[in-house]
Amino acid sequence: MTVDSLDPDDVDAADILGSAIERREDPALLTGNAEYTDDIQIDGMLHMAVVRSQYGHAKLEGVDTSEAEAMDGVHGVYTYEDLVSDETPGGGSFALPTAWLLDSLKQVEHPVLASDKVRHQGDGIAVVVAEDRYTARDAAGAVDVEYERLDAVVHPSEAFSDDAEQLHDDAEDNVAFDWEIGDAEKTADAFADASHTASIDLDNQLLIANAMEPRAAVADYNPGTDELDVAMTTQNPHVHRLLMAGVLGHPEHKLSVRAPDVGGGFGSKIHHYADEALVAWCSMMHEGPIKWTATRSETYLTDAPGRGHETKAEIAMDDDGNIVGLRVDTMANLGAYLSTFAPAVPTYLYGTLLSGQYDIPAIYGHVKGAFTNVPPVDAYRGAGRPEASFLVERLVHLGAKEMGMDPVEFRKQNFVPDDAFPYETQVAVVYDSGEYTKPMDEALEMLDYENFREEQERARDEGKYLGVGFSCYIEACGLAPSELAGQLGAQAGLWESSLVRMHPSGTVTAYCGTSGHGQGHGTTYAQIVANELGVPYDSVEVVEGDTDEIPQGMGTYGSRSAAVGGSSLVKSAQKVVEKGKEIAAHQLEADPEDIEFENGEYSVAGAPDRSMSMADVAGAAYLAHDIPDEMEPGLEATSFYDPDNFVFPFGTHAAIVEVDPDSGEIEIERYVAVDDVGNQINPKIVEGQIHGGIAQGVGQALYEGAEYDDNATLMTGSMQDYAVPKAEHVPEMETGATVTPSPHNPLGVKGVGEAGTIAAPQAIVNAVADALEPFGVDHIDMPMDAESVWSAVQANATADGGAEPGSDDADHGGER
Amino acid sequence: MTEHDITLTVNGAEHDLTVEARTLLVHALRDELGYTGTNVGCESSLCGACTVRMDGEAVKSCTTLAVQADGAEIRTVEDLGTRHDFHPIQEGFQEEHGLQCGYCTPGMMMTALDILEENPDPTREEIREGLEGNLCRCTGYQNIVNAVQNAAEQMQPAAVADGGETDDDGPTPATDGGEKQ
């Protein structure tokens, strides 16, 4: 079902919340009037380029900057010694902090420029400041670095091997942390008593976010005021300001961070990287504006990749096909250092989702984090939750097969029942609400599942291999409350802040501490605020992404903006309405308790002709000629909203594929997605988020993967080699929705930004496994390129006595 | 580095400028002339964010040298419609939610115009093939394909004139793609 968009002028004010109105962001983006960071031009602006390591792992023997310094147009070349010198600005740590701690975490030093050792190719060694971007890059190429090369490690299993090269002196055996969740003993007992088990051994590959806009920053230091302004590609300006203040040793109140238009993030613009701090430092050093924009090659070398798990896991069932236990052992790649939120991703964002949509009485997860010579790994769209959902849904697929049950029947039998919510899992979270059979049933209807199974049989008879794969995913978003996050290791609160300001003329500016970068917050937040205040949608302006304008904020990630930021806006608007009620009561000479507020009108109960509009009340609040005694003039309110719990969107995605066992090629015939993201503020934007998420999940399943050679040299360092899906690679997506409101927030929303990416990979892998069931293929690691599919078919055909492609034996059985 | 005096006609305005031999067209447009609507995504022709039209053809301005464009007519996103008077392709992208972060969009629209000039009534498959040189990481492409189809419908002259019916000769291909000149 395609959602048709509406012109906001055609929508009644009372219906604005929930309407699929066109985005107000679009005209600027469609006419070339957007302002991305690299668009910023300031008179006298210099350009910075970074000298990066040639090798994945090496000692620095010497850095000679003299030739670069002597070049025309070069204003300065700096190394780590210059940063920490008493003669230069700033007195910070010049090391990047980690904002999530675990008991066993080894916090290793992460200098913004390498001082003695480089641990991945993206490590900066020096920076050049020059008159233009070309000269800056020329000069960066002229810096002479002498290296003593060291052996490198790429995968966690290599990092943990006995003879592995150590990355950090204070992280023995390259272990970053050792963490567990659930009950090991109870789970061991469950497995001991189980009648059936199935297991899997899988790699969840490293992915690179590939936001279309490379990271960039423009810093402008004013020596007269000591104010440092940084415009940068950020998903969370306030977080970046706080962290950067410490890195540079420049006070938070003299530092402003602004997100201009940001060209996608997908997590990669959450983290505090070295580069943005270096631009800011260079701006202080040169007392003027400086720009740095990453080349695409630099984004491949420096943007935090995501995923990177090596996992062994198993599922246990009783005789009746009830899941009785789940056990997971994961080695997680952390890369060369600890990125901003890295420790949370393979632990609390992963282990807590291991129950999936299922009522599993015993779960145990063990995760060991590894330092390796790839760039620091952190959140990428989904962050931990895709890894969990992939694992659970692959195990459920295999569990059904082990039981000889239809995968749909097996799932439905094991779903958390509707009457069990709020449902406490064995892995430390409480699901807010859910009706898991609803999206599954809708997906089955859209698929015409029964008929498909018959068609699959017929096709197999004709030597054509179709498969269907399901993904009944769950995600957790709007990570909260702050107190719980703190107990889990967060070094930050996870509230969101907003300010709703009525202007004297009755129009509104709404400020929110989230920071959109393509999600359409300007539109959805205006829908929320217009609805709460009963003012026209066009009367509401939304401001995000600027520490100078917005009081405080935590940013946009983890599908939190609607659930936490949107809810904060509701709270602020409600405070405005309450203050307005007292003003209206005063002016209408009534008791505030007798004032009713509806559709932007205050009226006296029982006397509807005695009324005032919200605009009139705002005018009165600022005139302040006749407001209640003791009341301050003005009409605005701020709130800090700290949710009671996470929200848990869910749904069923299903893919139908055709696999050619002779060539290994996979064709996605159909892709069906039924998502329950709670109430929808703007269904068109929801649909867009689902589409984009699925495309990235399809990318992981079939095309994408960051690959490094044994020296930790990136082999997929361009868009030629890293296969970002093109228009031809993404199937037509059929979307449906169910609505189970979250009881935890005033909007009843659950979050949608990551759902598609979390759901899609396992739907496709399960479909391929189903298609290749006659060949005995249970699992193929992603990305499932033609070679890996062909090899899996061949290996099973010869080793396991499975059918050979094209043989008569390959035509029996389906997964029923 | 040798410098060259060149003339670029951008969106109808003639500009004389001096560039290094290595200056990329996209940097001349953005940094020298201020046409920042065209974005740089990969500097290697692969993502298409920088697509502009040069003498009527879609080109990747990140791998075209400014000197190669000497004397050429360049058309960028700034020359499509305004927010109050959208070009059909802009209208299509807005109505179909064919953009999220917007970074790929200017290049995507310039390529889409190329597709529609060559084939005023493309199938979805033809649109997907035509967009193979333009990457989008946000939308999953489905709404971009819808947007291009939407624009194609708007740009069919017969559709505008008589509600979709065509004369015996079939729809007349719009020689200029319906663009404002």
Side-chain angles (χ1 to χ4, degrees), chain A residues 2-3 5 20 22-23 25-36 38-39 41 132-134 209-214 261-266 293 295-297 517-520 684-685 687-696 698 718-720 724-730 732-733 756, chain B residues 1 20 22-23 27 30-31 34-44 46-47 49 76-84 86-87 89-90 93-97 99-106 109 124-125 127-146:
Chain A
T2 303
V3 178
S5 57
E22 292 169 358
R23 301 196 321 167
E25 291 83 351
D26 293 352
L29 300 169
L30 288 166
T31 55
N33 285 302
E35 185 194 52
Y36 298 99
D38 191 62
D39 297 346
Q41 298 284 5
D132 63 87
R133 61 176 103 214
Y134 289 37
N210 277 289
M212 292 308 298
E213 180 201 24
D261 285 310
V262 174
F266 317 111
T293 301
T295 62
R296 181 55 61 181
S297 307
H517 38 283
Q519 296 90 341
K684 192 69 190 169
I685 287 177
E687 180 198 66
Q689 289 292 317
I690 295 289
H691 282 178
I694 291 168
Q696 290 185 14
V698 169
S718 77
M719 284 175 164
Q720 184 75 41
V724 176
K726 297 180 175 185
E728 301 164 272
H729 296 141
V730 181
E732 296 284 342
M733 296 164 265
Chain B
M1 189 62 60
E20 290 183 12
R22 64 178 175 174
T23 301
H27 287 144
R30 291 174 52 81
D31 296 351
Y35 293 98
T36 53
T38 303
N39 298 318
V40 184
C42 72
E43 297 167 316
S44 53
L46 296 162
C47 82
T76 69
V77 65
E78 285 92 345
D79 195 42
L80 299 174
T82 64
R83 66 176 298 146
H84 300 297
F86 270 161
H87 182 285
I89 193 70
Q90 292 167 313
F93 272 76
Q94 163 100 64
E95 281 180 15
E96 302 293 342
H97 189 26
L99 69 159
Q100 290 180 24
C101 81
Y103 199 78
C104 74
T105 313
M109 291 193 297
R124 297 183 71 78
E125 290 69 29
I127 294 169
R128 287 178 185 272
E129 278 169 31
L131 293 174
E132 69 169 356
N134 290 71
L135 297 177
C136 170
R137 194 59 158 165
C138 292
T139 64
Y141 300 104
Q142 191 154 319
N143 287 345
I144 293 178
V145 177
N146 293 343

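Here is how names work: the chains are called A, B, and so on, in the same order as the sequence lines, proteins then strands, and each is numbered from 1. It should be emphasised that the depicted structure is a prediction, and the values quoted were computed from it without experimental measurement.
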Distance (rounded to the nearest 0.5 Å) between [X] [atom1] and [Y] [atom2]:
X         : Y         : atom1 : atom2 : value
Leu135(B) : Asn210(A) : CG    : CG    : 8.5 Å
Arg296(A) : Ser44(B)  : CZ    : OG    : 8.5 Å
Asp39(A)  : Asn39(B)  : CG    : CG    : 6.0 Å

Relative to chain A, which of Thr38(B), Thr23(B), Val40(B) shows the most heavy atom pairs under 4.5 Å?
Thr23(B)

What residue in Gly140(B), Gly37(B), Cys101(B) has the most heavy-atom pairs under 4.5 Å with chain A?
Cys101(B)

Sequence neighbours excluded, the answer for side chain to side chain donor-acceptor pair (under 3.5 Å) partners of Thr31(A) is Asn33(A)

State, with a plain yes or no, whether a side-chain heavy atom of [X] is found less than 4.5 Å away from one of [Y].
X         : Y         : answer
Ile89(B)  : Leu30(A)  : no
Leu99(B)  : Asp26(A)  : yes
Arg137(B) : Val724(A) : yes
Glu687(A) : His97(B)  : no
Met719(A) : Cys47(B)  : yes
Gln41(A)  : Asp31(B)  : yes
Met212(A) : Cys136(B) : no

Against chain B, label [X] side chain, backbone, both or neither, depending on which of its atoms sit under 4.5 Å from a heavy atom there.
X         : answer
Val3(A)   : neither
Ile685(A) : both
Ala209(A) : backbone

Quick check: closest heavy atoms across [X] and [Y], and the distance to 0.1 Å?
X         : Y         : result
Gln100(B) : Leu29(A)  : O-CD1, 3.7 Å
Gln94(B)  : Glu22(A)  : NE2-CB, 3.1 Å
Pro27(A)  : Phe86(B)  : CA-CZ, 3.8 Å
Tyr103(B) : Pro214(A) : OH-CD, 3.9 Å

Salt bridge (charged side-chain N to carboxylate O under 4.0 Å, His left out) involving Glu25(A) - partner list, sequence neighbours excluded
none

If you count heavy-atom pairs under 4.5 Å between each of Val262(A), Asp261(A), Asp38(A) and chain B, which one has the most?
Asp38(A)

At a heavy-atom distance under 4.5 Å, which candidate from Gly693(A), Ser5(A), Ala695(A) has the highest pair count against chain B?
Ser5(A)

Portion of [X] that has a non-hydrogen atom of chain A nearer than 4.5 angstrom:
X         : answer
Glu43(B)  : side chain
Tyr141(B) : side chain
Thr105(B) : side chain

Against Arg128(B), only a single residue in His729(A), Glu732(A), Glu728(A) fulfils side-chain hydrogen bond (donor to acceptor under 3.5 Å, both in side chains); can you say which?
Glu732(A)

Exactly one candidate in His27(B), Glu20(B), Arg22(B) meets side-chain hydrogen bond (donor to acceptor under 3.5 Å, both in side chains) with Tyr134(A); the answer is His27(B)

Can any side-chain N or O of Gln142(B) pair as donor or acceptor with the backbone N or O of Met733(A) at less than 3.5 Å?
yes

